[in-house]
Amino acid sequence: MSIKKEQITSALTHVLHPQYNKDLITLGLIQDLIVQEKYVSFTLELPEKNDALANELKKMSSEAIHKFVDKEAVLDITVGINISKKRELEGKDGAPGEQQHQHQHPPQPQPVLQNVKNIIAVASGKGGVGKSTVAANLAVSLAKTGASVGLMDTDIYGPSVPTMFGVTERPGITTDKKLVPIHKHGVHLVSMGFLVDTDQAMIWRGPMVTSAVKQFMQEVRWPELDYMVLDLPPGTGDIQLTIVQTVPLTGAVIVSTPQTVALDDARKGVAMFNKVNVPVLGIIENMAYFTPTDMPEKKYYIFGKHGARKLSQKLEVPFLGEVPIHENIRETSDTGTPVVEAAPETAAAESFSGISELVIQALDTRNKEKEATEKIEINIRP
Ligand SMILES: Nc1ncnc2c1ncn2[C@@H]1O[C@H](COP(=O)(O)OP(=O)(O)O)[C@@H](O)[C@H]1O
Ligand SMILES: [Mg+2]
C-alpha cells in the first residue's frame, strides 16, 4: 500500500529535538516532504551544523517511520543547515514577541553527483541494440543486491525509462527547484522524457540539446546512491562527450549486437572512453542468439556468432556476458516491468543478473587499482 504524507508527518511528531524538547513537525524542521508509494524523502533542516545530533535525529526519524507507518518504507533524508532557523526557534522558545529576521543562507555551489559512489555509463555506438534494455535490467539487478541505485535516462530523442518502468506520473520538485527522482521497481529514476517533449526536441540544434542535458544532470536531487546507471544516447558525438565531461564516470559498459555494423560502432565507443580516460568495464553482447521455446537445446545465431565476445578479446577489454533474443525481454520492457523483476527465473533474466555481478566485480577491481576519474575538458564545437 502506498504511504501518505499525513502518516509521515504524524510519525515525525514522535521525534523530539533534545535541545528544544519539541517534535520536528512543531518546530518546522521538516521541509520538502515527498512521498511516492514506499519512497519517502525530506530535508531535516537544522539551525546549526552538528553531525552527531543530525545523525541521531535521522536515525530516530527512520525508526519512527518504520515503526508507525511502514517497515518497508525507503527513506531519503537530507540534512540542511539554515541559520535563520536558530533565531526563529529561540524566538519561539524564549522571547515570543521578538521580530523574526529572515536571514537567507547563500546557496553553496555543489559538485555534480557528489553523493553517488559509482557512476556507470551504458553506451553503444548504434541505436536499437538494446542499450536501454540493458541499462534498465542492470539497474534493477543491482538494486536487488540491496544497493541503493539510480538510473538516469539522458536520451533526449528516444527516452526509454518512462515506458520500460511504466512511469506515468510527474516527478516532484523541491522548494529549491530540484527534481526528485521517481522510485519504481527498487530504482530511483529520472528521464529527459519526464521534462522534454520528444517531438519538440527533434528540431533542437546540437548545442540546445547539450545544454539541456547538462542542466538536467545538475538539477536532480539524488539520494545517496551506491550505483548510478546512465543510459547514454546512442553514438559518440557531442552529447555523449558533454555527459562524460559533466560527471566523473567510474566506468562504462558498451552494448553491441554480434553483427559487424554494430561492432564497428562499439569499437568507436571504446575509443571515445579511452580518449577521456574513463575505464571501459567491459562489453555486453545483446541479441546473441535465439532459442525457440519448444527447442530449448537449440541456439540460432541470427546476427552472427560471438561477434562482441571476439571484439572484446581484440580490444583487450573484459567480456561481461551475452543476452539471448527473447520475446519476454521485449514484452516486459514494453509493459513497464524489466524482465529481471517480471520473470526472474527465466534464462533471459539470469543472463542480466550474471552481467550485473560481473559489473560489480569490475567496479571493485577498478576502484582498487585506479584513482577516481577526473573530468576531462575537451572542447565541443559550438
Ligand atoms: N535481448 C532482447 N530480446 C528481445 N528484444 C530485445 C532484446 N534487447 C532489446 N530488445 C528490444 O529491442 C528494442 C530496442 O531496444 P532498446 O533497449 O530500446 O535499444 P537502444 O536503447 O539501444 O536503442 C526494444 O523494443 C527492446 O524491447
Ligand atoms: Mg535507448
Side-chain angles (χ1 to χ4, degrees), residues 120-141 151-167 185 187 189-194 196 198 201-202 209 213 229-237 239-240 243 252-259 261-266 268-269 272 283-293 299-309 320-344 346-356:
I120 313 153
V122 180
S124 72
K126 244 173 86 66
V129 297
K131 182 174 47 60
S132 300
T133 308
V134 168
N137 283 288
L138 175 63
V140 176
S141 300
L151 172 59
M152 183 184 244
D153 171 14
T154 58
D155 190 348
I156 194 166
Y157 297 125
S160 306
V161 155
T163 309
M164 289 188 177
F165 282 80
V167 176
H185 304 314
V187 179
L189 304 163
V190 289
S191 168
M192 283 300 274
F194 292 167
V196 178
T198 312
M202 290 308 264
V209 176
V213 170
V229 178
L230 270 185
D231 184 359
L232 291 186
T236 46
I239 304 176
Q240 292 78 6
I243 295 171
V253 297
I254 312 274
V255 181
S256 181
T257 59
Q259 73 200 111
V261 276
L263 293 171
D264 289 344
D265 287 340
K268 283 188 205 148
M272 175 180 85
I283 295 183
I284 296 168
E285 182 157 309
N286 187 29
M287 309 194 194
Y289 57 85
F290 172 70
T291 301
T293 322
K299 285 183 178 177
Y300 290 100
Y301 293 92
I302 295 174
F303 294 122
K305 193 170 176 182
H306 296 167
R309 187 191 296 254
L320 298 173
E322 51 188 22
V323 180
I325 301 174
H326 202 287
E327 199 186 340
N328 222 349
I329 297 182
R330 189 206 41 81
E331 207 169 270
T332 50
S333 286
D334 284 352
T335 49
T337 309
V339 73
V340 291
E341 175 84 4
T346 55
E350 278 166 11
S351 65
F352 285 117
S353 316
I355 288 169
S356 88

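Below, all heavy atoms of this structure are taken into account, side chains as well, without hydrogens, waters or symmetry copies. Atoms within each ligand, like the ligands themselves, are counted from 1 in listed order.
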Counting only N and O atoms by type, is there a donor-acceptor contact under 3.5 Å from the side chain of Thr154 to the main-chain atoms of Asp231?
-> yes
Nearest-contact summary for atom 5 (N) of ligand 1 - protein heavy atom, Å | Arg330 CB, 3.7 Å
Thr133 N/O under 3.5 Å from ligand 1 N/O | yes
Is there any N or O on Gly130 that sits under 3.5 Å from an N or O of ligand 1?
-> yes
Identify which of Thr332, Thr163, Val129, Ile329 has a heavy atom lying nearest to atom 6 (C) of ligand 1.
-> Ile329
Just which atoms of ligand 1 are under 4.0 Å from any heavy atom in Met164?
-> 17 (O), 18 (O)
Side-chain contact, heavy-atom cut-off 4.5 Å: Lys305 with Pro258?
-> no
Check Lys299 against Thr291 and note the closest heavy-atom contact, atom names and distance.
-> CG-OG1, 3.9 Å
Check Glu285 against Arg309 and note the closest heavy-atom contact, atom names and distance.
-> OE1-N, 3.0 Å
Run the contact test for Ser124 against ligand 1 with a 4.0 Å cut-off on heavy atoms, strictly below, and give the result.
-> no
According to the interplanar angle, ranging from 0 to 90°, do the rings of His306 and Tyr301 count as parallel (below 30°), tilted (30 to 60°) or perpendicular (above 60°)?
-> perpendicular
Check the Mg ion (ligand 2) and write out every protein N, O or S atom at under 2.8 Å, as residue and atom.
-> Ser132 OG
Could you tell me whether a side-chain N or O of Lys126 sits under 3.5 Å from a main-chain N or O of Val261, the two making a donor and an acceptor?
-> no
Who gets closest to atom 1 (N) of ligand 1 by heavy atom: Ala262, Pro324, Pro159, Ala135?
-> Pro324
List every atom of ligand 1 that sits less than 4.0 Å from any heavy atom of Ser132, numbering the atoms from 1 in the order shown and giving each element.
-> 17 (O), 20 (P), 21 (O)
Which residue supplies the protein heavy atom nearest to atom 4 (C) of ligand 1, what is that atom called, and how far is it?
-> His326 O, 3.1 Å
Which residue owns the protein heavy atom closest to atom 10 (N) of ligand 1, what's the atom, and how far is it?
-> Met287 CE, 4.0 Å
Give a yes or no on whether the backbone of Ala349 and the side-chain of His326 come within a donor-acceptor separation of less than 3.5 Å.
-> no
among protein heavy atoms, the one nearest atom 23 (O) of ligand 1 is Gly128 N, 2.8 Å
Considering non-hydrogen atoms only, spot the tightest contact between Ser351 and Pro324 and give its length.
-> OG-CD, 3.7 Å
Just let me know how Asn286 lines up against ligand 1, side chain, backbone, both or neither, with a heavy-atom cut-off below 4.0 Å.
-> side chain
Search all heavy atoms of Pro162 against all heavy atoms of Pro159 and return the closest pair with its distance.
-> CD-C, 4.3 Å
Would you mind telling me which of Asn137, Val187, Val140 makes a side-chain contact (heavy atoms from CB on, under 4.5 Å) with Glu341?
-> Val140
Name the one of Ile284, Leu138, Thr133 that satisfies side-chain contact (heavy atoms from CB on, under 4.5 Å) with Phe352?
-> Thr133
Heavy-atom contacts with Lys131 under 4.0 Å: which atoms of ligand 1 show up? List them by number with element.
-> 17 (O), 19 (O), 20 (P), 21 (O), 22 (O)
So, for Leu151 and Ala136, which heavy atoms are closest and what is the spacing to 0.1 Å?
-> CD2-CA, 4.1 Å
